[in-house]
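Heads up, the thing below is written out as structure tokens.
The residues of the chain are indexed from 1 along the displayed sequence. When a ligand or atom number is given, it counts from 1 through the structure's own listing order.
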Amino acid sequence: MQIIDGRRIAAEIKAEIRAEVEQLAAEGKRLPQLAAIIVGSDGASQTYVANKEKACGECGFKSQVLRFADSITEKELLDAIARLNADGEVDGFIVQLPLPRHISEQRVVEAIDPKKDVDGFHPVNVGRMTIGLPAYVSATPAGIKELLLRCGIATSGKRCVVLGRSNIVGRPLMNLLSQKDTPGDCTVTVCHSRTRNIKEICRTADIIVAALGSPEFLTADMVADGAVVIDVGTTRVPAADAKSGFRLKGDVKYDEVAPKCSYITPVPGGVGPMTIVSLMKNTLKAYKKEVYGS
Ligand code: GUN
């Protein structure tokens with residue numbers, strides 16, 4: 001059994017990005033810049049945005065965070081997005097989700113210029129990704145593909161079960177892993193809360209991606225010997241002995257599942273660091289205009 005070290009692989013990729021950015025700086029060019037909008041004070045969102053800012057520093061990018069109170073109106077938020085769309089110094093930006101209930105996430109996401117949508121949430125990017133056109137691919141699925149690639153895990157012809165049908169992980173991953181690509185060429189089954197015989201379906205899988213947000217959902221009896229298990233779960237559970245007062249729990253009952261696997265990602269330190277590094281890769285792509293060409 002091999003534990004996939006997402007932190008090490010993410011550090012490798014950040015070093016590759018940094019080398020490229022240092023080259024740009026040496027040529028006197030403008031540096032890539034990522035901006036983030038955050039609304040309110042949700043703890044998890046604050047941590048995610050702080051981690052993104054830190055990763056920008058590690059990659060040599062410029063970054064800025066625009067913070068707004070929960071009371072911001074949708075119009076004010078849309079105006080802030082319009083300013084970032086028009087700012088020639090900002091290559092890409094994200095609006096951290098979730099947003100307060102009085103703001104439509106869909107309207108907000110659709111207000112982002114698809115060329116700057118480095119989260120890959122805009123319907124234009126989702127649509128382009130779905131039919132295999134160049135697109136910004138959302139960070140978690142892109143990070144999982146990168147892990148599979150860098151670990152040399154063969155995917156062609158393999159049976160892959162994706163647990164969870166979210167718009168930002170399950171659905172794009174189902175699409176990407178079934179595409180004619182490396183990694184890809186999988187036979188993918190998506191399971192969700194209404195799926196029957198989930199245990200039997202999981203047991204047929206060469207690769208299982210658990211992205212339900214249900215701590216320790218995947219147990220040893222659901223996993224075939226030698227399977228690859230990728231755990232996307234990051235639920236905060238209270239932990240009196242942890243400094244922060246909580247601990248991150250994955251969707252996999254790690255201690256009993258790991259011995260059966262050929263490869264498994266831990267939580268934390270598996271998919272999480274890869275998600276952030278994928279956002280950095282998308283920002284560099286935006287800077288280089290690699291996706292849309294202008
Ligand atoms: N909230 C949880 N994950 C994400 C993410 O990847 N991007 C944004 N913008 N918000 C999130």
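Proximity of a side-chain donor or acceptor of K116 to a complementary backbone N or O of L84 within less than 3.5 Å is detected. Judged by distance alone, with hydrogens and angles left aside, the side-chain atoms of N85 form a donor-acceptor pair with the main-chain N or O of D113 at under 3.5 Å.
Of the protein's heavy atoms, Q96 NE2, 3.9 Å lies nearest to atom 4 (C) of ligand 1.
The backbone and the side chain of L97 each have at least one atom closer than 4.0 Å to an atom of ligand 1 (non-hydrogen atoms only).
Hydrophobic cluster membership differs between V267 and V237, with clusters built from Ile, Leu, Val, Met, Phe, Trp and Tyr side chains linked at under 4.5 angstrom. The hydrophobic cluster containing V190 does not contain V223, counting ILVMFWY residues as joined when their side-chain heavy atoms lie under 4.5 angstrom apart, directly or transitively.
Atoms of ligand 1 lying under 4.0 Å from any heavy atom of V95, numbered from 1 in the order shown and given with element: 8 (C), 9 (N). Atoms of ligand 1 lying under 4.0 Å from any heavy atom of F121, numbered from 1 in the order shown and given with element: 5 (C), 6 (O), 7 (N), 8 (C), 9 (N).
Among the atoms of D119, some N or O lies under 3.5 angstrom from an N or O of ligand 1.
More than 12 heavy atoms of other residues, nucleotides or ligands lie within 6.0 Å of CZ in R150, so this atom counts as buried by the packing criterion.
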